[in-house]
2 protein chains.
Amino acid sequence: MTHKLDLAFSALADPTRRAILAMLLEDDMAVTDVADPFEMSLAAISKHLGVLTTAGLISQEKRGRVKWCKLEPDALREASVWMQAFGQMGALDLDDFEAFLAAQLPDS
Amino acid sequence: MTHKLDLAFSALADPTRRAILAMLLEDDMAVTDVADPFEMSLAAISKHLGVLTTAGLISQEKRGRVKWCKLEPDALREASVWMQAFGQMGALDLDDFEAFLAAQLPDS
DNA sequence: TCAATATTCAACCAGATGGTTGACGTTTCA
DNA sequence: TGAAACGTCAACCATCTGGTTGAATATTGA
């Protein structure tokens, strides 16, 4: 029952996860390589990647023994548009707006 | 030590708080009036307003026995800029977006 | 002055979150 | 064949979150 925006925003609320997204902006990466710069266990990073995947912000694909992580811009776009609307508009029916987004954006 | 973005995104992650922000888009409101449409206690709403205030998304000013809540769009801007850095707004169909706005916004 | 109104505080609770460690299943390749 | 690399799982822990209720505080107005 939790809204897509709930998942996207709560995934974005963690600095480790934002850093991971920034890394993936450059290129797709394996889980081990994502974990490398962080001072925490591989298992912890694996969990963060799970959160990002559930939120739809990234996707993961296993090839051989390596699992590749890839940025998925759609979920970010929806959250971004929501905020843009907030910053720039006055009175707006956000329920209609979210319905508009649901119809507009691919995936779901 | 928590980053401003952590506070902003985690505040936005809750649907009740997003709904409150949407209400405050229309007009400043007293705490009791903010709480009215929600099926939860006044104390719970008071806590949500505290979270939004800590995140800088709203401000509260007490006049007499009434505490007025006011949207503070600036905090949203920083989060918005972070998302802009991902540069994916272009993938949205802007024509459809503007058509949506034209239908939504009052007498323009 | 006294009751009603507006809001917060404090204590409590269940469940989520973010981290750890160690064991485990796969896949590679020497 | 078997060790090493890749990644997840399970259990555990401390802390945070979002809600409750009841009492407390401050202000208003009759």
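Lettering follows sequence order; numbering is per chain, from 1. The model shown is predicted, which means the values in this text are computed figures rather than measured ones.
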Q. A:Lys67 side chain N/O closer than 4.0 Å to the phosphate oxygens (OP1, OP2) of D:dT8?
A. yes
Q. Going by heavy atoms in the side chains, are A:Lys67 and A:Leu49 under 4.5 Å from each other?
A. no
Q: Using whole Å, report how far CH2 of B:Trp68 lies from P of D:dT27.
A: 17 Å
Q: Measure from NZ on B:Lys47 to C1' on C:dT8 and round the result to the nearest Å.
A: 11 Å
Q) In whole angstroms, how far is the C1' atom of D:dA26 from the CD atom of B:Gln60? A) 16 Å
**Q.** A:Ser46 side-chain N/O to A:Leu42 backbone N/O, donor-acceptor pair under 3.5 Å
**A.** no
Q: Using a 4.5 Å cut-off on heavy atoms from C-beta on, say whether the side chain of B:Arg18 contacts that of A:Phe9.
A: yes
Q: Whole angstrom is fine here: how far is it from CD in B:Glu61 over to P in D:dT27?
A: 14 Å
Q) Minimum heavy-atom separation for B:Gln60 to B:Ile58, with atom names? A) CG-CD1, 4.3 Å
Q) Does A:Lys62 get its side chain close enough to the base of D:dG7, under 3.5 Å, for a donor-acceptor pair? A) no
**Q.** Which nucleotide in C:dT20, D:dG7, D:dT20 has an atom nearest any side-chain atom of A:Met40
**A.** C:dT20
**Q.** B:His48 side-chain proximity, nearest of D:dG18, C:dT20, C:dT8
**A.** D:dG18
(Q) Counting the atoms with a prime plus P, OP1 and OP2 as sugar-phosphate, which does A:Ala43 contact under 4.0 Å by heavy atoms, base, sugar-phosphate, or nothing? (A) base
**Q.** Residue pair A:Leu76 / A:Leu12, side-chain heavy-atom distance below 4.5 Å
**A.** yes
Q. Separation of B:Glu39 atom CD from D:dG18 atom P, in whole Å?
A. 19 Å
Q. With a non-hydrogen cut-off below 4.0 angstrom, is A:Arg17 in contact with a base, only sugar-phosphate, or nothing?
A. sugar-phosphate
**Q.** Atom pair distance, as rounded to whole Å: CD1 in B:Ile20 and C1' in D:dG19
**A.** 14 Å
Q.
Could you tell me how far apart A:Arg63 (CZ) and C:dT28 (P) are, to the nearest whole angstrom?
A. 12 Å
Q: Would you kindly check whether a donor in the side chain of B:Arg65 faces an acceptor in the base of C:dT7, or vice versa, at under 3.5 angstrom?
A: no
Q. Nearest nucleotide by nearest heavy atom, which residue falls closer to the 5' end of DNA chain D, B:Gly64 or A:Leu49?
A. A:Leu49
(Q) So, OP1 or OP2 of D:dG7: does either fall under 4.0 Å of a side-chain N or O from A:Ser46? (A) no
Q: Please state how far atom CG in A:Leu42 lies from atom P in C:dG18, giving the value in whole angstrom units.
A: 17 Å
